[in-house]
Each structure stands twice: as structure tokens, then as C-alpha cells.
Amino acid sequence: MSGKADLAAVTTYFGLLWPQLNEGLTYHDIVRPTDAGLTLIEFYFRKYKNSAPLQGWLQRIQNKQITIDGKVVVLPDTELRAGAELVYHRLPWREPDAPYLLEVLFEDDYLIVVNKPSGLQVLPGGLYQQRTVLTQLQWHACKLTTTSSGCQKTHPVPVHRLGRGTSGILLCAKTKLCKSRLAAYFAEGTSVVEDKYTNSGCNTMRKICKIYRALVSGVMDMDEVVIKQPIGTIKYPGVAKGLYVASPSGKPALSSVRVLERDSENNCTLVQVEIQSGRPHQIRIHLSFIGFPLIGDPLYVSGGQPKCFHPELMDESFEEDGGYQRPENPVPGDCGYNLHAHQICLIHPITNELIKITAPLPAILQTREEREASQPNSS
């Protein structure tokens with residue numbers, strides 16, 4: 001496929017079924033001089049406290065999952081020396097269910113653009129280390145381009161993120177040059193805060209423009225609204241680097257919202273959102289901040305804050321592999337809401353061609369007119 005993305009005539013999918021268990025993980029560390037003298041259990045519990053409680057790390061050591069300079073060590077009080085090589089072998093586990101098929105929306109020698117289904121994580125993290133878009137891209141590249149020595153080292157990589165519960169357009173670069181230029185596009189958009197809003201779609205002043213559809217709770221009275229609420233982080237159980245929320249001390253963020261359809265009977269509103277910046281969970285936070293959270297969002301409520309927030313509560317119980325149990329509080333990866341990356345307009349990073357890519361809308365995010373147009377004629 002090449003040229004205009006929205007002219008593609010054939011729908012193409014790829015994806016392989018997930019295996020029952022993933023391959024586990026291996027973590028490597030070199031003991032620094034400042035850590036010399038620590039015991040094995042002290043080292044892991046201090047450095048990876050967010051991975052497991054103390055008893056969990058003791059179990060991993062006694063289960064022969066850690067080596068020092070290639071030799072299994074089962075004594076937690078073993079003293080470490082500077083320069084020692086530590087390897088922790090995380091055992092394979094069954095990851096939570098996730099979709100695996102990806103629809104190709106556009107592809108040329110530099111880019112592949114896919115329609116990500118809700119429920120599929122983009123990059124490895126947490127319980128999802130294998131069941132990700134990145135893994136399917138790697139497997140697809142291996143299937144298409146193999147050599148006598150196996151798969152090629154290079155493969156397409158996502159250049160931005162979508163929340164696990166968010167569906168729609170995901171840009172993936174096939175070359176380092178393409179990746180770096182697309183990354184610059186996103187960085188430029190985030191660094192500039194503009195008040196200008198365009199009703200018809202893409203702002204040609206920028207090299208990339210993203211349009212989303214969302215279904216929110218409540219009937220919005222305004223037709224358009226520009227949200228300029230900064231987004232920062234707070235300490236939150238189950239989220240090691242902190243939870244993104246509306247925060248006056250956070251980083252600038254701008255979302256332009258336009259009402260497409262109001263439904264008073266069901267107390268909801270269908271909206272289109274163009275984001276100028278690209279903060280994590282920006283649309284969910286911004287819409288909830290103004291009092292219209294996404295229907296079904298298990299995490300964010302009015303004000304752009306989490307529904308349940310008890311930072312002092314940290315469950316010390318652990319799973320079979322020693323890691324923490326899943327927190328009772330909702331976390332960002334939880335699904336249930338309807339948010340779809342519907343359109344992207346961009347200047348092609350290599351050819352400089354203006355392209356527009358559209359991901360088909362789920363029925364729930366279509367207007368009545370769009371639903372009627374998609375129905376086969378009855379005669």
C-alpha cells in the first residue's frame with residue numbers, strides 16, 4: 001500500500017494467537033561500589049521494592065531464581081561485592097486475555113499504521129510482557145523477512161502510545177529515520193500550547209494532528225470547549241511511577257472538544273477531541289476534569305482525579321511468583337470506556353506527502369447519521 005491512506009481498498013489483518021505462557025523475563029544487574037556489602041535480599045528489596053514485598057523476594061531467592069556470577073544462590077544474607085553480576089529469572093506466567101489481530105490501515109516502506117483493538121497493550125509493562133502490539137509487530141516482521149540466521153534485527157516499532165482500553169490508530173515506524181522524525185512531530189505538538197481550534201479537523205500549522213471520538217457521561221450544554229488543564233502525577237498504589245491526574249503543578253496540556261451528538265434519554269454525549277499535547281491519559285483526565293468523565297471509565301471521575309484513592313493502603317500479600325497481587329484500586333490499564341483514535345493527518349516523515357488515515361468507528365461511537373449510512377439498504 002502506498003499513497004493516500006484513506007484510499008486503501010483491501011482490508012488486511014495480521015496477528016498470531018498468544019501462547020498459553022509467556023517466556024518469562026531475565027533482569028541483569030551489576031553491583032555498584034555503593035551497593036557493595038549489601039546482602040542479596042537487601043539489594044533486591046531496596047532496588048525493586050515495587051516488584052515484590054520482602055517475603056516475595058525471599059521466596060524468589062529460595063526458589064533458585066537468582067544467580068550471582070552465573071551460580072545459583074539460595075541464601076538471602078549472601079553479601080555482595082562490587083562488580084558482581086546478578087541475574088533474576090522471572091518464571092513464565094499466563095498473561096491476562098488480550099486481542100491479537102491488528103488491522104493494517106496504511107503501509108509503505110517506512111510506516112505501518114494499525115488499528116489497535118481495545119484491550120491490547122502497546123508496549124510491555126506489568127502483567128503484559130508478551131501480549132502487546134510490539135510483540136505482534138516483531139512476529140509479523142519475522143514471518144515476512146527471514147534470513148538464514150533467523151529474523152532480521154530491525155522491525156516496526158510504535159512511536160506513540162494508546163491506553164490499553166483505547167482503540168484506533170497507532171503509528172509504527174519501520175526505520176530509525178522515520179521513528180526519529182515522527183517522535184519530533186509529537187514532541188513539537190506537545191511543546192506548543194495554542195488556543196486556536198479548528199472545527200473541521202486537522203490544523204495544518206502542525207505536522208501531525210490526532211482526532212479522537214469519545215462517549216461521555218452527562219449532556220454537555222456547550223458546543224465546543226478548549227481544556228487547558230495541566231496534568232501531573234500523584235503517588236498511587238499499583239502504579240510505580242505515579243498516577244497521572246489533573247494537577248495545577250503539572251505539565252501543560254490542551255484538548256479541543258466538539259459535541260457531535262447529545263442523548264438526553266441516556267444522559268450521554270458523543271464528542272470529538274483534538275489533542276494538541278500528548279500527556280498520558282489526557283483525554284480521560286480532561287473530560288473528567290470538566291465534569292464529563294468517559295462512560296465506563298473505572299478510574300477517573302469528575303475533577304480529573306481517581307475514583308478510589310487510599311495511598312496509605314498497600315497490600316503486602318503476593319502472588320505465586322512472589323510479586324504483588326493486583327491492587328484492588330482501579331489502575332490506568334483497566335478497560336470499560338469508549339475512546340477511539342479515529343483520524344490522523346500528518347506530513348509523511350520521509351516523502352513529505354500529506355496523508356490522512358482513518359480508523360473505522362465502533363458502532364457505539366457513531367452518530368445516528370453515520371449508523372444509518374452504514375446500514376445496508378433495505379428494499
Side-chain angles (χ1 to χ4, degrees), residues 1-15 99 101-118 120 122-123 133-134 136-137 140-141 155-163 165-175 177-190 198-214 255-256 258 260 271-278 282-283 338-363 365-367 370 373-374:
M1 264 182 282
S2 61
K4 298 292 184 181
D6 50 354
L7 297 181
V10 179
T11 301
T12 304
Y13 292 86
F14 69 88
L101 279 179
L102 293 167
E103 178 186 2
V104 179
L105 300 172
F106 174 85
E107 185 172 12
D108 62 15
D109 292 338
Y110 313 100
L111 271 175
I112 180 169
V113 183
V114 299
N115 185 7
K116 185 189 87 67
S118 175
L120 180 60
V122 174
L123 298 176
V133 173
L134 180 62
Q136 290 292 352
L137 289 170
H140 185 58
H155 55 80
V157 293
V159 294
H160 62 106
R161 297 198 187 206
L162 292 177
T166 304
S167 58
I169 297 170
L170 182 69
L171 301 179
C172 307
K174 292 183 174 182
T175 68
L177 179 60
C178 183
K179 179 184 177 183
S180 64
R181 289 183 177 176
L182 285 173
Y185 286 6
F186 284 105
E188 289 168 8
T190 300
T198 54
N199 292 336
S200 59
C202 296
N203 182 347
T204 55
M205 293 175 60
R206 306 201 305 274
K207 292 181 179 179
I208 193 165
C209 169
K210 297 174 285 183
I211 302 292
Y212 290 74
R213 286 278 182 100
S255 302
S256 299
R258 180 161 67 95
L260 299 178
V271 298
Q272 173 179 292
V273 186
E274 177 184 348
I275 58 173
Q276 169 77 42
S277 50
Q282 177 174 320
I283 294 175
N338 293 286
L339 178 60
H340 183 71
H342 179 41
Q343 291 183 333
I344 281 188
C345 298
L346 74 154
I347 304 297
H348 193 290
I350 306 299
T351 67
N352 288 322
E353 178 186 12
L354 175 63
I355 59 176
K356 178 181 178 181
I357 302 170
T358 301
L361 289 163
L365 294 179
Q366 294 177 343
T367 63
E370 288 168 338
S374 65

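What you are looking at is a predicted structure, and each value in this text was computed from that prediction instead of being measured. Sequential numbering from 1 along the given sequence is applied to the chain's residues.
- Side chain of H160 to backbone of L171: a donor-acceptor contact under 3.5 angstrom is found.
- Atoms CD1 and CD1, on I211 and I275 in that order, are 9.0 Å from each other to the nearest 0.5 Å.
- Between the side chains of E103 and T12, no donor-acceptor pair of N or O atoms lies under 3.5 Å.
- Taking the six-membered ring where the residue is Trp, H140 and F14 present parallel rings, their angle staying beneath 30° rather than reaching 60°.
- With Y185 contributing its side chain and I347 its backbone, the two residues share a donor-acceptor pair below 3.5 Å.
- Rounded to the nearest 0.5 Å, atoms CG (L102) and CG (L137) are 6.5 Å apart.
- Between V159 and F186 the shortest side-chain heavy-atom distance falls below 4.5 Å.
- With rounding to the nearest 0.5 angstrom, the CD atom of Q276 is 7.5 Å from the OG atom of S256.
- K116 places no side-chain N or O within donor-acceptor distance of the main-chain N or O of R161, the cut-off being under 3.5 Å.
- At a threshold of 4.5 Å between non-hydrogen side-chain atoms, the residues P158 and L123 count as touching.
- Taking each heavy atom of C172 and P156 in turn, the nearest pair found is CB-CB, 4.4 Å.
- Shown here for L361 and L365, the closest heavy-atom pair between the two residues is CD1-O, 4.1 Å.
- E188 is not listed as a side-chain neighbour of R206, based on a closest heavy-atom distance of 4.5 Å or more.
- In this structure a side-chain-to-backbone donor-acceptor pair under 3.5 Å is present from H340 to A359.
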Passes side chain to side chain contact (heavy atoms under 4.5 Å, CB included), V133 versus L170? Steps please.
CA-CA 9 Å; V133 173; L170 182 69; 3.7 Å; yes
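- Of all non-hydrogen atoms in A214 and L339, the two that sit nearest each other are CB-CD1, 3.8 Å.
- Remark: the backbone N or O of L177 is paired with a side-chain donor or acceptor of S180 at under 3.5 angstrom.
- Residues V104 and V113 form no side-chain contact, since every pair of their non-hydrogen atoms from C-beta on lies 4.5 Å or further apart.
- A donor-acceptor pair shorter than 3.5 Å cannot be found between the side chains of R213 and Q366.
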Could you walk me through whether I357 and Q343 pass the side chain to side chain contact (heavy atoms under 4.5 Å, CB included) check?
CA-CA 6 Å; I357 302 170; Q343 291 183 333; over 6 Å; no
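- Atom CZ of R181 and atom NZ of K179 lie 15.5 Å apart (nearest 0.5 Å).
- The backbone N or O of D108 lies less than 3.5 Å from a partner atom in the side chain of K174, making a donor-acceptor pair.
- Residues S118 and T166 have side chains not in contact (no heavy-atom distance under 4.5 Å, counting atoms from C-beta outward).
- Using modelled atom types, one finds a donor on one side chain and an acceptor on the other under 3.5 Å when comparing S277 with Q282.
- Interatomic distance, S255 OG to I283 CD1, rounded to the nearest 0.5 Å: 6.0 Å.
- Contact check for L105 versus T358: no side-chain heavy atoms found under the 4.5 Å cut-off.
- In this structure, SG in C345 is found 9.0 Å from CD1 in I355, a value given to the nearest 0.5 Å.
- Taking 4.5 Å as the limit, some side-chain heavy atom of L182 sits within range of a side-chain heavy atom of L111.
- Inter-residue side-chain proximity for I169 and H342 is flagged as unmet; no heavy-atom pair is nearer than 4.5 Å.
- When all heavy atoms of L162 and S167 are compared, the closest pair comes out as CD1-O, 4.2 Å.
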